[in-house]
2 protein chains.
Amino acid sequence: MPKIVDHEARRARLVEAVWSLTVRGGIEQVSLRKVAEEAGVSMGQIQHYYSSMQALIRDALDRATRAVNATIENAVAAADTTSPEAVLRACLYALISPAQESTRLMRFALAAAGRAVSDPTMAKALAPADDDLLTLTAGLIAAAREERGSEPRGEERTDADICWSLATSLGVDVALGYRTPEAAEHLLDHHVEQILR
Amino acid sequence: MPKIVDHEARRARLVEAVWSLTVRGGIEQVSLRKVAEEAGVSMGQIQHYYSSMQALIRDALDRATRAVNATIENAVAAADTTSPEAVLRACLYALISPAQESTRLMRFALAAAGRAVSDPTMAKALAPADDDLLTLTAGLIAAAREERGSEPRGEERTDADICWSLATSLGVDVALGYRTPEAAEHLLDHHVEQILR
DNA sequence: CGGTTTACCATGCACTTGCACTGTAAACGC
DNA sequence: GCGTTTACAGTGCAAGTGCATGGTAAACCG
């Protein structure tokens with residue numbers, strides 16, 4: 001065995017470089033040499049950890065979506081309130097947050113989404129809200145409606161699906177600068193209000 | 001003056017080739033030579049009509065968005081009904097239509113959207129629903145609510161904005177195969193129902 | 001007829017690309 | 001000590017890239 005290194009840290013470093021390059025100049029700027037330079041390593045190291053450029057970008061997208069999901073989970077965990085409505089708003093806001101890291105991730109994900117058009121492997125990583133998240137959100141909506149005294153209607157899962165679809169769309173708009181985070185928040189608020197009424 | 005040619009037709013042909021190549025193999029497959037081959041012309045012709053590769057792709061995106069808008073307008077015009085609700089649904093459905101041409105356009109637009117991350121010129125062509133469309137849609141919503149006997153509430157513009165945001169998001173999902181057109185339609189229906197209640 | 005303008009085609013060039021390959025230093029078992 | 005495995009660095013190469021350039025054929029004006 002040779003030098004003991006932290007593989008995870010190495011990969012994270014390389015992926016970080018891919019994110020930066022992409023956000024700065026578009027995904028077409030991402031090349032072996034550029035990533036190597038950005039990460040301050042040699043091309044050889046990249047080849048050592050990834051079998052191809054495709055594999056690198058795939059992993060970068062994978063980690064980006066996982067990071068976004070983590071943001072959502074953090075928002076849920078950090079909501080120091082028992083009000084389901086507050087928690088619901090908090091986790092939806094995660095996608096339109098003005099936080100720089102969020103914007104970075106959304107931008108990269110959008111740039112990589114172009115690849116998903118022709119690469120099914122990439123498309124997988126970008127799928128809409130998964131079952132667990134939908135179930136969680138539907139639960140929040142039901143609880144929030146109950147909290148407000150609205151009568152239940154058993155369509156919470158559909159409502160949840162729409163919520164995430166809308167939040168994603170607004171998140172992209174914010175990332176591309178079409179809307180301010182405040183404007184997006186206003187729209188989301190309006191919709192949530194509608195849902196819970 | 002030399003051979004009289006239809007410039008518009010030439011450009012349309014080249015852009016069509018760009019769309020095809022992109023949808024088939026991703027935008028990274030789009031090169032001068034490939035486009036030339038796909039269109040059955042020489043690289044020289046492309047250079048004659050576009051000052052650079054960037055210009056070609058920009059025009060391709062421009063024409064794609066205009067084509068999508070035309071689809072929406074057609075849907076409005078084709079709705080042989082006076083019911084504003086029916087017209088509203090019809091034009092929203094334009095974005096999630098299962099029609100092959102629609103899917104092609106959406107796919108290309110998504111692939112090109114990746115470029116918008118770093119190219120502001122591209123970003124312009126992809127902006128959310130413009131003022132005119134929003135005004136039109138808000139009018140439809142107000143009329144549909146009146147038709148149903150719901151009381152007006154003066155938030156129709158916000159409602160319209162949300163509608164298009166949601167429809168766009170669903171359109172992307174359909175184009176990438178995450179949802180069937182029917183599933184997307186169901187969600188849209190549910191939302192419109194909510195809006196008009 | 002010549003001259004000018006347009007509409008290309010074909011080629012050449014400088015540059016970048018991903019990847020294969022070779023070399024080498026470090027850490028361990030024996 | 002030696003051999004093996006891992007973790008890279010460095011280089012070379014074939015393929016592809018956008019674009020500049022030079023040439024040519026057609027259509028019109030005079």
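From a predicted model like this one, the values you see are computed outputs, not experimental measurements. Each chain gets a letter, A, B and so on, in the order its sequence line appears, and its residues count up from 1.
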key: Salt-bridge criterion met for A/R197 and A/E85 (N-O under 4.0 Å)   = no

Short N-O contact, A/R179 and A/E185, less than 4.0 angstrom = no

inquiry  = Any donor-acceptor pair under 3.5 Å linking the side-chain atoms of A/S118 with those of B/R107?
reply    = no

query = Are A/Y50 and C/dC19 close enough that a side-chain N or O sits under 4.0 Å from OP1 or OP2?
reply = no

task = Give a yes/no answer on whether the side chain of B/H48 brings an N or O atom under 4.0 Å of OP1 or OP2 in C/dC8.
result = no

ask   = Under 3.5 Å, is there a donor-acceptor pair between the A/R58 and A/T121 side chains?
value = yes

key: Whole angstrom value for the distance that separates P of D/dT6 from CG of A/D6   = 17 Å

message = Output the rounded distance in Å from CD1 (A/I27) to C1' (C/dT17).
response = 15 Å

query = Should the pair B/R157-B/D161 be classified as a salt bridge under the 4.0 Å nitrogen-to-oxygen rule?
reply = no

request  = Report, as a single string ordered 5' to 3', how protein heavy atoms within less than 4.0 Å touch nucleotides 15-20 of chain D: B base, S sugar-phosphate only, - not at all.
outcome  = --BBBB

query = Using a cut-off of less than 4.0 Å, is there contact between a side-chain N or O of B/H7 and OP1 or OP2 of C/dT6?
reply = no

task = May I ask you to decide if A/Y93's main-chain N or O and A/S97's side chain share a donor-acceptor pair within less than 3.5 Å?
result = no

